[in-house]
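One structure is given here, and the rest of the page talks about it.
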Number of protein chains: 2
Amino acid sequence: MPNIKQIAEAAGVSVSTVSRVLNNHPYVREDKRKAVEAAIERLQYSRNMNAVHLVKGATQTIGVILPQINNAYFGKVVEGIGQQALQVNYQLMLFQTGYRANEERKALRMLRDKIVDGLIIISRSLSLNQIEKYAKYGPITLCEEVRGRALSCVYFDHYTSFQKALTYLWDKGHRRIGYTINRRNSASSAVRHKAYLNTLASLGGESREAWIFDNCLHLEDGAKLLQHIRTMDDPPSALLITGDQVAAGLMIAAQNQGVRIPEELAIIGLDNQPISKLLGITTIDNRLNEIGAKAFSIIYRHIHEQTDEAIIQELGFKIIERSSV
Amino acid sequence: MPNIKQIAEAAGVSVSTVSRVLNNHPYVREDKRKAVEAAIERLQYSRNMNAVHLVKGATQTIGVILPQINNAYFGKVVEGIGQQALQVNYQLMLFQTGYRANEERKALRMLRDKIVDGLIIISRSLSLNQIEKYAKYGPITLCEEVRGRALSCVYFDHYTSFQKALTYLWDKGHRRIGYTINRRNSASSAVRHKAYLNTLASLGGESREAWIFDNCLHLEDGAKLLQHIRTMDDPPSALLITGDQVAAGLMIAAQNQGVRIPEELAIIGLDNQPISKLLGITTIDNRLNEIGAKAFSIIYRHIHEQTDEAIIQELGFKIIERSSV
DNA sequence: CTGTTAGCGCCTTCAC
DNA sequence: GTGAAGGCGCTAACAG
């Protein structure tokens with residue numbers, strides 16, 4: 001494969017001239033430009049972008065850290081990132097970490113090693129301290145609330161959304177309210193737990209450890225959850241389920257087993273996935289697509305405006321009433 | 001940020017020695033190695049991988065062309081690719097094309113421009129002729145049957161699976177059998193259509209244009225489909241649905257509207273997604289994860305064994321009987 | 001075992 | 001407008 005030098009020779013100009021037409025610089029005489037373009041066409045030239053990346057010190061690529069690609073929640077966020085990236089001709093490099101610290105670290109190193117110009121972390125297991133160490137190598141944006149650090153973020157308010165949802169259930173007459181999460185020790189879990197305790201306390205209601213269920217991420221987890229709840233002596237009458245996949249799994253299992261929703265168990269989901277609409281599940285729209293889009297925009301601003309200070313952005317949410325409560 | 005030269009100075013050795021320890025070459029005296037490592041640590045050195053990519057002519061990255069990330073079908077395949085890539089420390093670059101020819105072309109150019117070492121095409125709209133032009137720049141593997149070209153592929157047999165599924169429905173007593181697809185003019189659609197016509201002909205059954213439904217890809221499409229079928233004068237009694245998402249959407253809509261499956265309408269899905277299990281949908285397991293994994297392995301072989309000739313690999317499938325037929 | 005040196009392919013001052 | 005030349009950071013002969 002020819003390089004820029006050979007094109008220069010073929011076109012009878014210097015490499016700088018070739019470079020100029022390659023980069024659409026002005027000040028190139030029309031006939032030379034034509035000659036270069038002809039040579040490029042004739043020799044089937046294509047730029048080796050690695051050389052460009054080296055000399056420019058940037059790759060127009062941003063990395064995305066996520067536990068798994070094949071998941072409705074992460075999928076929606078990545079989609080948002082991708083749509084935005086497309087607009088400005090950036091590429092996406094996906095790091096499927098499975099929440100393994102080691103894989104997350106590998107991705108962080110990609111930033112340090114200049115393989116990506118920035119990093120979006122959709123979900124993580126590494127500590128913020130660990131992550132912050134890499135902030136000096138390039139912009140990092142998390143999809144969760146982070147303050148007082150060299151890290152930007154977009155998020156929606158877990159606390160208030162929980163509060164609103166719990167109150168909603170309370171107003172509908174529920175007095176035994178529980179909730180589900182995925183990982184016990186995630187950032188959002190702590191916030192949610194606090195919201196749960198505080199809200200119920202202020203409503204004068206009861207909160208119980210036994211009404212909190214973890215490891216709920218996939219459809220199947222919802223089905224298992226229902227199974228479990230049916231064996232409980234004093235089951236919750238309503239559940240705040242953090243993820244429509246799980247809510248859907250529970251809903252379908254309930255239909256299969258003749259458990260009436262909401263009469264026997266009321267549920268409210270999260271993420272506003274298509275399936276919740278089909279199943280009539282009341283849910284919270286947390287604008288996942290926009291979270292992804294915003295995350296990208298923030299990275300982009302960091303790169304192009306040299307703004308070093310963290311950008312913090314909160315996105316709103318909305319309860320979508322359907323018939324599962 | 002320091003470069004290799006500065007590390008060399010700091011450690012009192014030459015750049016080659018630094019390069020050697022960086023790349024775990026043998027033949028480096030222990031004390032020098034230590035000195036280099038110390039300097040790296042002290043100066044917080046990290047390699048600029050773009051330089052490595054340039055000099056090596058490879059990036060350890062492979063590109064994946066897919067219409068959209070947020071989709072159960074593509075998600076499963078990408079997951080498979082990713083798992084395999086992880087094993088050998090390759091990165092994945094995702095190109096979300098939305099079936100736009102222009103976006104697909106952009107991705108192809110990434111191969112030409114050496115940004116990726118190979119390309120996996122999960123689904124496409126560009127012609128094979130167009131794609132084959134880029135094969136000279138690096139290995140390309142499609143997730144569909146392709147023969148007689150400079151393109152490798154992994155696929156499962158649409159024809160036989162259709163045949164088997166149709167026969168299955170026939171044996172269950174169905175005589176008015178239809179099917180769904182996504183895009184009319186996709187590669188698989190032609191094959192499926194032929195399988196449909198041939199199989200029913202050989203069974204002595206009837207095939208009808210009106211029993212073929214297109215634009216079926218998402219959950220919602222399944223719901224719409226049911227709607228549509230209910231307005232038909234002479235609806236099919238059984239449907240071969242190419243995608244469990246669509247099948248699930250139809251199933252849920254049916255439950256909502258009190259349409260009995262399989263009594264009033266039998267369905268058989270495809271992809272063996274988790275949701276089909278929960279809903280009791282009979283489906284075809286086409287091993288999407290493995291398709292992804294194999295696709296990566298093929299690319300990897302091309303890269304490391306210099307095998308230029310196309311690798312063609314067929315994966316089996318299996319009907320999973322549940323209760324929707 | 002180790003250092004010197006010539007690239008990898010491109011961009012970008014700087015003079016003309 | 002245009003070309004010469006230095007440099008981006010690293011690897012891999014080659015010579016010792």
Side-chain angles (χ1 to χ4, degrees), chain A residues 1-40 43-61 109-117 137-138, chain B residues 1-40 43-61 109-117 137-138:
Chain A
M1 277 185 6
N3 58 21
I4 197 173
K5 205 167 159 190
Q6 304 178 37
I7 298 301
E9 278 169 20
V13 299
S14 72
V15 291
S16 0
T17 299
V18 178
S19 179
R20 287 194 188 96
V21 344
L22 246 28
N23 295 290
N24 292 315
H25 279 262
Y27 307 133
V28 176
R29 224 168 53 211
E30 200 48 29
D31 57 329
K32 299 222 172 190
R33 156 164 280 122
K34 290 275 180 238
V36 170
E37 277 162 356
I40 287 176
L43 301 189
Q44 290 258 39
Y45 169 75
S46 80
R47 222 177 341 191
N48 182 332
M49 290 308 287
N50 291 312
V52 177
H53 292 165
L54 171 59
V55 73
K56 295 236 176 180
T59 58
Q60 303 242 101
T61 300
R109 276 189 222 119
M110 298 283 170
L111 180 62
R112 186 196 64 186
D113 298 348
K114 301 196 140 294
I115 288 179
V116 296
D117 296 344
Y137 299 118
Chain B
M1 279 185 8
N3 59 23
I4 198 172
K5 206 168 160 189
Q6 304 178 37
I7 298 301
E9 279 169 20
V13 299
S14 73
V15 290
S16 6
T17 299
V18 178
S19 178
R20 287 194 187 95
V21 345
L22 247 29
N23 294 290
N24 292 314
H25 279 260
Y27 306 134
V28 177
R29 225 168 54 210
E30 200 49 28
D31 57 329
K32 300 223 173 194
R33 157 163 279 123
K34 290 275 181 238
V36 170
E37 277 161 357
I40 287 176
L43 301 189
Q44 290 258 39
Y45 169 76
S46 79
R47 225 179 336 194
N48 183 332
M49 291 307 288
N50 290 313
V52 178
H53 292 165
L54 172 59
V55 73
K56 295 235 177 180
T59 58
Q60 303 242 101
T61 300
R109 278 189 222 118
M110 299 283 170
L111 181 63
R112 185 195 62 186
D113 297 348
K114 302 197 141 293
I115 287 178
V116 297
D117 297 344
Y137 300 118

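Predicted, not measured: the structure shown is a model, and the values here were computed from it. Here is the naming used below: chain letters follow the sequence lines, and residue numbers restart at 1 for every chain. As a basis for the values below, the full set of heavy atoms in this structure was taken, side chains included, without hydrogen atoms, waters or symmetry mates.
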Exercise for review: Would you mind telling me which residue lines up with the more 5' stretch of DNA chain C, B:Val28 or A:Ile4, judged by nearest nucleotide?
Suggested key: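 Between the two, 5'-proximity favours B:Val28.
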Check your understanding: So which one's nearest nucleotide on DNA chain C is more toward 5', B:Tyr27 or A:Met1?
Key ->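 The residue mapped nearer the 5' terminus is B:Tyr27.
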Review point. Donor-acceptor pair, A:Asn3 side chain versus A:Gln6 backbone, under 3.5 Å?
Key: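 Answer holds: yes.
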Point to revise | Protein-nucleotide distance (B:Leu54, atom CG; D:dC8, atom P), rounded to Å | key: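 Going from CG in B:Leu54 over to P in D:dC8 covers 14 Å.
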Practice item. Measure the distance from OH on B:Tyr45 to C1' on D:dC10 and round it to the nearest whole Å. Key: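 Those two atoms, OH and C1', are 7 Å apart.
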Exercise for review: Looking only at non-hydrogen atoms, find the nearest pair between B:Ala8 and B:Ser14 and report the distance.
Suggested key: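 Heavy-atom minimum between the residues: CB-C, 3.7 Å.
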So, OP1 or OP2 of [N]: does either fall under 4.0 Å of a side-chain N or O from [X]?
X	N	result
A:Arg20	D:dT2	no
B:Thr17	C:dG3	yes
B:Ser19	D:dT11	yes
B:Asn3	D:dC8	no
B:Arg47	D:dT11	yes
B:Lys114	C:dC8	no

Counting any heavy atom closer than 4.0 Å, what does [X] reach on the DNA or RNA strands: base, sugar-phosphate only, or nothing?
X	value
B:Asn23	sugar-phosphate
B:Val13	sugar-phosphate
A:Val55	base
B:Lys5	nothing

Check your understanding: Under the side chain to side chain contact (heavy atoms under 4.5 Å, CB included) criterion, do A:Val116 and A:Tyr137 qualify, and how do the steps go?
Key -> CA-CA 10 Å; A:Val116 296; A:Tyr137 299 118; over 6 Å; no
Check your understanding: So does B:Lys34 pair up with B:Glu30, basic N to acidic O under 4.0 Å?
Key ->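 Yes, this pair counts.
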Check your understanding: The side chain of B:Ser16 lies closest to which of these nucleotides: C:dG3, D:dC10, C:dC11?
Key ->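 For B:Ser16, the side-chain atoms sit closest to C:dG3.
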Check your understanding: So which nucleotide from D:dT2, C:dC11, D:dC10 ends up closest to the side chain of A:Lys32?
Key ->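 Selected nucleotide (nearest to the side chain): D:dT2.
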Exercise for review: Take A:Val15 and A:Glu30, find for each the nucleotide of DNA chain D with the closest heavy atom, and name the residue whose nucleotide sits nearer the 5' end.
Suggested key: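 Upstream on the strand: A:Glu30.
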